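To start, the structure itself, in structure tokens.
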Amino acid sequence: MKNVLVIGASSQIAQWADKALAKNPDINLTLFLRHPNKLSADLQQERQIVGDATDLDDVRNVVKGMDIVYASLAGEVKKAAETIVKAMDLEGVKRLIWTSSLGIYNEIPGEFGRWNQQALGGYYHRYRLAADVVEGSDLDYTIIRPAWLTNLDEVDYETTTRDEPFKGTEVSRRSVAAFVASLIKDPTKAVRDSIAVDKPGTDGDRPRPEVMSANGGYEPATKEDIKLRFP
């Protein structure tokens with residue numbers, strides 16, 4: 001049986017993964033989160049530990065004895081990455097699955113890449129800094145970079161590696177969770193790699209208007225080129 005820890009277990013992506021993992025009799029699931037009331041009703045019976053992903057004692061206590069750690073976080077992601085990496089090192093836990101953001105390597109080609117950089121700006125800068133922490137560790141990590149997220153109840157995705165151009169403009173949260181579950185089922189997949197996840201056939205200069213609206217309605221007013229933020 002695999003002991004699996006989900007950090008940030010009440011995030012929208014994580015809850016899809018939680019539900020898939022909870023159905024697997026070969027997985028002993030622990031949900032680590034700040035706000036248990038945000039979990040859907042069908043997850044309330046799962047083992048829950050309330051804590052802060054940036055607090056070393058909290059994380060170290062819950063990481064102990066785990067086989068796989070999956071983190072789906074927002075906010076202080078660089079500090080959380082530093083904390084989780086240190087806690088896993090101290091407890092001898094190696095396998096980490098880390099949810100990040102598209103565009104952190106300037107890997108999105110064409111107009112969509114230019115627009116995405118303007119739209120997300122400092123948001124994905126934070127995720128790049130966190131990814132640098134994860135990639136600088138000695139953990140068996142997989143970083144996941146989803147396209148713009150939708151709430152469609154579907155599993156339909158393709159993947160590309162760090163060194164390949166990003167494909168597509170959108171992907172469902174459920175699809176990202178399905179990819180996470182596939183990594184937990186086979187932890188030898190995509191080790192020490194950064195994987196982009198998108199829905200096939202959604203290439204374009206922008207996500208669909210309804211996808212942009214659901215994610216905050218981003219649309220930069222200018223089409224001027226901007227400098228690349230990272231080498």
Side-chain angles (χ1 to χ4, degrees), residues 3-15 17-18 29-39 47-107 116-117 119-146 149 162 173 176-177 180 183-184 190-197 215-216 218 228-231:
N3 293 320
V4 177
L5 171 65
V6 181
I7 298 179
S10 63
S11 81
Q12 293 184 72
I13 296 174
Q15 290 204 57
D18 298 341
L29 184 63
T30 300
L31 307 181
F32 181 80
L33 67 174
R34 290 191 184 201
H35 305 292
N37 59 306
K38 292 184 178 181
L39 284 176
R47 182 184 183 223
Q48 302 171 29
I49 297 178
V50 176
D52 182 348
T54 65
D55 184 284
L56 181 60
D57 289 337
D58 282 359
V59 178
R60 187 174 180 182
N61 287 338
V62 76
V63 159
K64 187 176 183 178
M66 292 296 163
D67 298 304
I68 301 171
V69 176
Y70 163 50
S72 180
L73 297 167
E76 295 181 89
V77 288
K78 180 176 182 285
K79 186 176 180 181
E82 292 168 341
T83 303
I84 292 167
V85 166
K86 185 172 183 179
M88 292 178 68
D89 281 340
L90 289 169
E91 295 301 330
V93 180
K94 296 293 290 184
R95 190 67 172 101
L96 174 64
I97 301 167
W98 179 268
T99 304
S100 186
S101 170
L102 76 166
I104 61 172
Y105 309 118
N106 298 313
E107 78 279 20
N116 185 76
Q117 196 173 57
L120 298 186
Y123 171 86
Y124 74 75
H125 184 200
R126 295 195 300 273
Y127 280 90
R128 171 60 188 265
L129 295 176
D132 287 346
V133 172
V134 173
E135 291 177 324
S137 75
D138 63 353
L139 300 178
D140 295 334
Y141 66 80
T142 303
I143 294 172
I144 300 174
R145 294 172 285 117
L149 294 163
R162 172 173 177 160
R173 289 177 171 87
V176 179
V180 170
L183 295 176
I184 292 172
V191 171
R192 296 190 68 83
D193 204 349
S194 180
I195 305 297
V197 186
N215 284 278
Y218 296 107
L228 297 181
R229 290 181 167 82
F230 311 109

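Not measured: the values here are computed from a predicted model.
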Search all heavy atoms of [X] against all heavy atoms of [Y] and return the closest pair with its distance.
X   : Y    : value
T99 : P146 : CG2-CG, 4.3 Å
L73 : Y127 : O-OH, 2.8 Å
L31 : A9   : CB-CB, 3.6 Å
V50 : F32  : C-CE1, 4.4 Å
G75 : R126 : O-NE, 3.9 Å
M66 : R47  : CE-NH1, 4.1 Å

Q | CA sep, side-chain torsions, deciding dist, call: I144, L183, side chain to side chain contact (heavy atoms under 4.5 Å, CB included) | A | CA-CA 11 Å; I144 300 174; L183 295 176; 4.1 Å; yes

Measure from the side-chain N and O atoms of [X] to the backbone N and O of [Y], and report whether any donor-acceptor pair falls under 3.5 Å.
X    : Y    : value
D140 : K94  : no
T142 : A190 : yes
R145 : I104 : no
D58  : D52  : yes

State the [atom1]-[atom2] distance between [X] and [Y], to the nearest 0.5 angstrom.
X    : Y    : atom1 : atom2 : value
I7   : R34  : CD1   : CZ    : 12.0 Å
L29  : Y70  : CG    : OH    : 11.5 Å
L129 : S100 : CG    : OG    : 10.0 Å
I97  : L5   : CD1   : CG    : 11.0 Å

Flag the pair [X] / [Y] as yes when at least one side-chain heavy-atom distance between them is below 4.5 Å, and no otherwise.
X    : Y    : answer
M88  : L139 : yes
L120 : H125 : no
I49  : N61  : no

Q) Among pairs that include at least one residue of residues 60-78, which meet salt bridge (Lys or Arg N to Asp or Glu O under 4.0 Å), considering only residues two or more places apart or in two chains? A) R60-E91, K78-E82

Q: Taking atom types as modelled, find out whether S101 and R128 have a side-chain donor-acceptor pair closer than 3.5 angstrom.
A: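 Judged by distance alone, the side chains do not pair up.
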
Q) Mind checking what makes ring-ring contact (aromatic ring centres under 6.0 Å, His included) contact with Y141, not counting sequence neighbours? A) none

Q: Output, in order, the C-alpha distance, side-chain angles, deciding distance and verdict of side chain to side chain contact (heavy atoms under 4.5 Å, CB included) for I84 and W98.
A: CA-CA 10 Å; I84 292 167; W98 179 268; 3.8 Å; yes

